Amino acid sequence: MNVADLTLQADVAHWSWTIAIFLWFVGIAGMGSVAYYFSRKAPLAITILVSLIVGLLFVVSHLTRWWNLPVTIFYAVLELSFNFQSWMFWGFAILSVHLVLSAVVVVANIPYLQRFWFLRWAAVLNKSNLFLGLFAFAGFGSTVYSGFLLSTAAGVPLWNTALIPVLWVISASVATVALIELFYVLGWTDEREAAFGLRLGMGLDVMKLLAVLAFIHISLTVGTMGAQIGAARMFSGDLALMTWIGVIGIGIFVPLAIGGLSLLIGKKKPLLIVSSVAALAGVLFLRAVVLLAGVWEPLVI
Amino acid sequence: MRLRRGQEPTRRLAHVWNEANCTACGACIIACTATNAPEMMHRKEKGWDSLASNIRRIESQNAQGQPTMMLNQCQHCEDAPCVHTCPFGAVHYTTDGLVDIDERLCIGCSYCVAACPYNVRWMHPETGLPNKCMGSACLELVAANQQPACVQACPANARDFGDLNDPSSSVSQTLRRLPNRVLLETAGTKPKYFIVESSS
Ligand code: SF4
Ligand code: SF4
Ligand code: SF4
């Protein structure tokens, strides 16, 4: 088999860094919304909304016919041509709902806006467990969607595994915990949440490590030839540096080591900054390396 | 015409490529671009590193180290992942058994590109559309009861196109008579691009 005959997906479908950044922001906003159910703080609410908006800007910039969106939606409504089988369609639906709910939560968290009587309903909703449960559910749905988006892209066998949504949920949770640690450093959240986040983050790091290794191992051993080639690129090929240094070294071992040290000697803010930034970068590297490693099934063997 | 839900296609149009007859001259590849996307003549599809055509030439080696060549294109799958994944239903089956695109409903998300196991789509740099066989000019030829450009251009009679539902069509007869295969049969896409393996 001549590997040079394969076409890397990124070259034709252009699913590389732009989509990785989109998936990263959606993950932060998604699992951030789940965290918001427990930690109802304004900085988290604003981060969720900003992440969603920036993520959506990235994905819209990737559309080669973004200017056709209004026309498409007009005709799709007129002719009821929506494709309910498509995760991309569900993504549009889930992200739209998530965006609206995020905006409500932000309005409720900005005291200036709460002076306007016609916006006070937002504060009422923000106190409702049912509403915040729905918000958390939309966030979880956004994160899961961003995984199934790849799982159902049948052309790239490396992605065709239900492990990707699992990996995305775990790693997005890591990113959310890293954000909460950063908020602690900035004085935006309290000691109790930071201490809980530290322990939770370490557990999630271990789960993420296992999930990444399982993903590579399964693809290498029982995947089709296209999946094996993609996993080999991650494991020992041209993308191995990004996997071992970016995803595992920076993204998992640095936060784990700093977490362990913090448990021994207490939390040091400079170290927490390093560990949070490393964890956030690792989550982005993970999405990028999985996207970049995808190749099509070889047609000629 | 767009196939409605629950409707059966009236025809099952399919492509046949006879690899034994093919001399690898590339006339079909050029005819395809010249007919369907003349503005792309002399321009490469970056990912494939070859002429932006709806037919892609894949060169490789067999187990004995001898060079091999295969022509690849849209298989007009009867269970097409590109149809399943397009969010607003731009990609659809036609009553002729082809897979076509409704440009009005396409936002250029390239999900159909990543969903095609055969890697046959390419994003047009100007229209942003995910191009593939059949191009609109070939569809017009077929509507006028002519053969598509690649079939007309082939000097070795290595290409054919016709209705699998019609037992007397040349494609049906060839496929009955000569050994043939489809690509990635186990992918479950029910492809309709047949590679004939011996000389006719
Ligand atoms: S039928 Fe037309 S579009 Fe399809 S490969 Fe032949 S020339 Fe190209
Ligand atoms: S070959 Fe690819 S583009 Fe053509 S119908 Fe099948 S999945 Fe769709
Ligand atoms: S690029 Fe166009 S045709 Fe392809 S999936 Fe996206 S909207 Fe559908």
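Predicted, not measured: the structure shown is a model, and the values here were computed from it. Because only heavy atoms are used, hydrogens play no part in the values below, and waters and symmetry mates are left out as well, while side chains stay in.
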Among the listed options B:A114, B:C112, B:P117, the residue most often paired with chain A at heavy-atom distances under 4.5 Å: B:A114
Do A:L99 and A:I53 have side chains that get closer than 4.5 Å, going by heavy atoms? yes
If you measure from the Lys or Arg side-chain nitrogens to the Asp or Glu carboxylate oxygens, is any gap between B:E126 and B:R43 under 4.0 Å? yes
Can any side-chain N or O of B:K190 pair as donor or acceptor with the backbone N or O of B:H76 at less than 3.5 Å? no
Applying a strict 4.5 Å limit to non-hydrogen atoms, the region of B:L184 in contact with chain A is side chain
After noting the C-alpha distance and the side-chain angles of A:Y75 and B:F88, does the key distance pass the ring pair (Phe, Tyr, Trp, His ring centres under 6.0 Å) rule? CA-CA 9 Å; A:Y75 282 113; B:F88 297 111; over 10 Å; no
Within a strict 4.5 Å, meaning less than it, do heavy atoms of the A:R287 and A:S171 side chains meet? yes
Determine, using ring centers only, whether B:H15 and B:W17 are less than 6.0 Å apart. no
B:C106, B:G89, B:C109, B:P81: which one forms the most heavy-atom pairs within less than 4.5 Å of chain A? B:C106
Under 4.5 Å from a heavy atom of chain A, the part of B:T68 involved: side chain
Tell me if the CZ atom of A:F215 is crowded by more than 12 foreign heavy atoms within 6.0 Å. yes
Does any backbone or side-chain atom of A:W66 lie under 4.5 Å from a heavy atom of chain B? Answer side chain, backbone, both or neither. backbone
The interface call for A:L149 against chain B, heavy-atom contacts under 4.5 Å, is both
How would you list, by chain and number, every residue that makes a side-chain contact (heavy atoms from CB on, under 4.5 Å) with A:V156, sequence neighbours excluded? A:Q9, A:W159
If the test is ring pair (Phe, Tyr, Trp, His ring centres under 6.0 Å), which one of A:W90, A:F92, A:F135 qualifies with A:H98? A:F135
Centroid separation under 6.0 Å, is that true for the rings of B:Y111 and A:W15? yes
Proximity breakdown for B:E103 and chain A, heavy-atom pairs closer than 4.5 Å: both
Who among B:D49, B:N72, B:T186, B:L129 has the most heavy-atom pairs with chain A under 4.5 Å? B:L129
Looking at A:G294, A:A154, A:A13, which makes the most heavy-atom pairs under 4.5 Å with chain B? A:A154
Those residues of residues 79-86 of chain A, ordered by number, that approach chain B below 4.5 Å (heavy atom to heavy atom): A:E79, A:S81, A:F82, A:N83, A:Q85, A:S86
Electrostatic pair B:D96-B:R11, nearest N-O below 4.0 angstrom: yes
Chain B contact via A:W67 - side chain, backbone, both or neither, heavy atoms under 4.5 Å: side chain
Measure distances from B:C116 to the heavy atoms of chain A and classify the residue's part below 4.5 Å as side chain, backbone, both or neither. backbone
Looking only at heavy atoms and a cut-off of under 4.5 Å, which of B:L183, B:V83, B:T127, B:D102 has the most pairs with chain A? B:T127
Taking the ring centre of each residue, are A:F235 and A:H217 less than 6.0 Å apart? no
